[in-house]
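Just below is one structure, and these are the notes that go with it.
Just the heavy atoms: all of them, side chains too, but no hydrogens, waters or symmetry mates, feed the values below.
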Amino acid sequence: MEKIKMTTPLVEMDGDEMTRILWQMIKDELLLPYIDLKTEYYDLGLEHRNETNDQVTVDSANATKKYGVAVKCATITPNAARMDEYHLKEMYKSPNGTIRAMLDGTVFRAPIVVKGIEPCVKNWKKPITLARHAYGDVYKNTEMIIPGPGKVELVYTAQDGTETRELVHNYTGPGIAQGMHNLNASIESFARSCFNYALDTKQDLWFATKDTISKKYDHTFKDIFQEIYDAEYKEKFEAAGIEYFYTLIDDAVARVMKAEGGFIWACKNYDGDVMSDMVSSAFGSLAMMTSVLVSPHGYFEYEAAHGTVQRHYYKHLKGEETSTNSVATIFAWTGALRKRGELDGISELCDFADRLERATLGTIESGKMTKDLALITSIPNPTVLNSKDFILAIKEELDK
């Protein structure tokens, strides 16, 4: 069989731990035998980020701007324990946070629905798509340890040198402080991405923040969404028969649990991070969630919505067998390959992505799956496969 030819490379961002092992298996077994794979490779493994002082992360984001489509493996965001484990020069920020800030746009996350894996929220009948703002807030924060008594202020210095001050807190003893920011231009991009995605997929759009408590920060998000909706999208939504509404984040959580799904839930950066894990886990597994960053500038970055599966990696290092679910990582590749095919007019690449997704879901529906799915499936007597054998079973299905 002649391999499918590519004209423009994908930006390939390699990652860490068990997902890095799966990444190579997926390439070796499911991609390279069928595609003349062109990628511009960046190693975002923590050791290499440390060697380059995290410059490799910036380079990979700039390459995404150049080529338009990227696929990313899960990466470690270091904490104090990782500082020691990897002998890091500093506690680097989230690579996803860095890339998202450079590309702008919105992260859309949706569960991968497959027969035999039923949501544990019994009334969820259709996928719930999380639209997560991809810039600022806690991911671009400035933090400070306060050693003792004193005061912390927010200070804005205008271009003419005038200052505006707001007291954060008068400290009588040690504590902590955090400064966050966002940009109206980024919030506007977020809003338009959400409204356009809702129109494209013909789904209702919910947006939720905590404007009753955060009367300036969160309220600005609410106001910008409403202004853009009223000025640019209201008539389009009405014509499409879909609805936009704003609600408080705690009200949204309560409503989501009672809903049947089939809508887009837009959240600020941190809320979207947390809620997408809740939704994906309740639909079956964290390893069954797609994630794509859509930038208004025409860049797309596909990744799995879960972490590096640290516990399985330590087992793997000891030579023990693991049964790690690779579905979301496979779907990151298929999403990127399909988009590359669409942009370059290579229908064979789009068709291959569709076939690989069907083969992946078909493998699970035939009763062959990883342990996480076997524990929750309604399929009787499933066959539990290890990490490699699951990928080989998908290959067998694909070859059919």
Among R82, K72, R49, which residue satisfies the salt bridge (charged side-chain N to carboxylate O under 4.0 Å, His left out) criterion with D16? R49

Heavy-atom closest pair, residues N269 and G136: ND2-O, 3.2 Å

Side chain proximity check, V253 to V256, heavy atoms < 4.5 angstrom: no

Is T377 reaching over with its side chain to a backbone N or O of G116, donor-acceptor style, under 3.5 angstrom? yes

Would you mind reporting whether K388 and E29 have side-chain heavy atoms less than 4.5 Å apart? yes

Charged N to carboxylate O below 4.0 Å: is that the case for E396 and K400? no

What's the separation between atom NZ in K216 and atom CG in D223, rounded to the nearest 0.5 Å? 13.0 Å

V69 vs L343 side-chain heavy atoms within contact, under 4.5 Å: yes

Would you indicate whether the side-chain heavy atoms of L373 and V114 approach each other to under 4.5 Å? no

Are the aromatic rings of Y197 and F108 close, with centres under 6.0 Å apart? yes

H181 versus Y217, side-chain donor and acceptor atoms under 3.5 Å: no

What I want to check is whether the side chains of T64 and E301 have a donor and an acceptor closer together than 3.5 Å. no

Between K368 and E397, is there a salt bridge with N-O shorter than 4.0 Å? no

Expected output: side-chain S323 to main-chain L385 donor-acceptor under 3.5 Å: yes

Could you tell me whether a side-chain N or O of S387 sits under 3.5 Å from a main-chain N or O of T322, the two making a donor and an acceptor? yes

Do D43 and R20 meet the salt-bridge criterion of a basic N to acidic O distance under 4.0 Å? yes

Using 0.5 Å steps for rounding, measure from the CD1 atom of I330 to the CZ atom of F390. 6.0 Å

State, without any angle test, whether D104 and Y299 hold a side-chain donor-acceptor pair at a distance under 3.5 Å. no

Results of side chain to side chain donor-acceptor pair (under 3.5 Å) for H312 - residues two or more places apart only: T324

Between I128 and F263, is the side chain to side chain contact (heavy atoms under 4.5 Å, CB included) condition met? List the steps. CA-CA 6 Å; I128 295 167; F263 55 86; 3.8 Å; yes

Single hit among T363, I379, N325 for side chain to side chain contact (heavy atoms under 4.5 Å, CB included) with M369: I379

Would you check if I249 and W265 make a side-chain contact, meaning some heavy-atom pair closer than 4.5 Å? yes

Y41: which residues meet the side chain to side chain donor-acceptor pair (under 3.5 Å) condition with it, sequence neighbours left out? D14

When rounded to the nearest 0.5 Å, the distance separating CD1 of I376 from NZ of K371 is 13.5 Å

Check whether any side-chain N or O of S214 sits under 3.5 Å from a backbone N or O of K210 as a donor-acceptor pair, and report yes or no. no

Aromatic F221 / basic K268 pairing, under 6.0 angstrom, 45° off normal: yes

Are side-chain heavy atoms of H306 and T19 found at a separation under 4.5 Å? yes

Rounded to the nearest 0.5 angstrom, the OH-CZ distance for Y229 and R192 is 15.0 Å

Determine yes or no for a side-chain-to-main-chain donor-acceptor pair under 3.5 angstrom, with N170 supplying the side chain and K151 the backbone. no

D399 side chain to Y34 side chain, donor-acceptor N/O pair below 3.5 angstrom: yes

Would you please indicate if the ring centroids of Y302 and F331 are separated by under 6.0 Å? no

For the atom pair NE2 (H48) and CG (D54), what is the distance rounded to the nearest 0.5 Å? 11.0 Å

Between Y139 and Y270, what is the ring plane arrangement, given parallel below 30°, perpendicular above 60°, and tilted in between? tilted

Could you please spell out the steps behind the side chain to side chain contact (heavy atoms under 4.5 Å, CB included) verdict for I394 and L356? CA-CA 8 Å; I394 294 168; L356 179 49; 3.9 Å; yes

If hydrophobic clusters are built from ILVMFWY residues whose side chains come within less than 4.5 Å, do I224 and W206 share one? no

Are any of the side-chain heavy atoms of I391 and D28 separated by less than 4.5 Å? no

In terms of hydrophobic clusters joined by side-chain contacts under 4.5 Å, are V138 and I76 together? no

Who else is in I176's hydrophobic cluster (ILVMFWY, side-chain heavy atoms under 4.5 Å, direct or via others)? I145

Please test M289 against S276 for side chain to side chain contact (heavy atoms under 4.5 Å, CB included), starting from the C-alpha separation and ending with a verdict. CA-CA 8 Å; M289 189 88 161; S276 64; 3.9 Å; yes

Take K234 and E238 through the salt bridge (charged side-chain N to carboxylate O under 4.0 Å, His left out) test and state the conclusion after the steps. CA-CA 6 Å; K234 194 170 192 288; E238 285 167 359; 3.1 Å; yes

Side chain to side chain donor-acceptor pair (under 3.5 Å), that's the test. Do S189 and H297 meet it? Break it down for me. CA-CA 9 Å; S189 293; H297 312 292; 5.5 Å; no

Could you tell me whether the side chains of E188 and N184 share a donor-acceptor contact shorter than 3.5 Å? no

For side chain to side chain donor-acceptor pair (under 3.5 Å), just list the numbers for N50 and Y92, CA-CA rounded to whole Å, side-chain angles, deciding distance to a tenth of an Å, and then say yes or no. CA-CA 8 Å; N50 192 46; Y92 300 103; 2.8 Å; yes

Does T290 reach the main-chain N or O of A110 with its side chain, forming a donor-acceptor pair under 3.5 Å? yes

If the plane angle is over 60° it's perpendicular, under 30° parallel, otherwise tilted; pick one for Y313 and H316. parallel

Is there a donor in the side chain of Q226 and an acceptor in the side chain of Y246, or the other way round, less than 3.5 Å apart? no

Would R132 and R109 count as a side chain to side chain contact (heavy atoms under 4.5 Å, CB included) if you check the C-alpha gap in whole Å, the side-chain angles of each, and the deciding distance to 0.1 Å? CA-CA 8 Å; R132 174 185 170 189; R109 289 182 167 173; 3.8 Å; yes

Working to the nearest 0.5 angstrom, can you tell me the gap between T220 OG1 and K215 NZ? 13.0 Å

How are the rings of Y244 and F237 set to each other: parallel, tilted or perpendicular (split at 30° and 60°)? perpendicular

Donor-acceptor check, side chain of D354 to backbone of D351, threshold 3.5 angstrom: yes or no? no

Checking side chain to side chain contact (heavy atoms under 4.5 Å, CB included) against T57, which of L44, N62, N96 comes through? L44

For the pair E153 and R165, find out whether any cationic side-chain nitrogen is under 4.0 Å from an anionic carboxylate oxygen. yes

Is the ring pair F207/F190 parallel, tilted or perpendicular, if the boundaries are 30 and 60 degrees? perpendicular

Smallest separation among heavy atoms of A208 and A252, with atom names: CB-CB, 3.7 Å

Decide yes or no for L398 and F352: does some side-chain heavy atom of the first lie under 4.5 Å from some side-chain heavy atom of the second? yes

May I ask you to say whether D218 pairs ionically with K222, meaning some side-chain N is under 4.0 Å from a carboxylate O? no

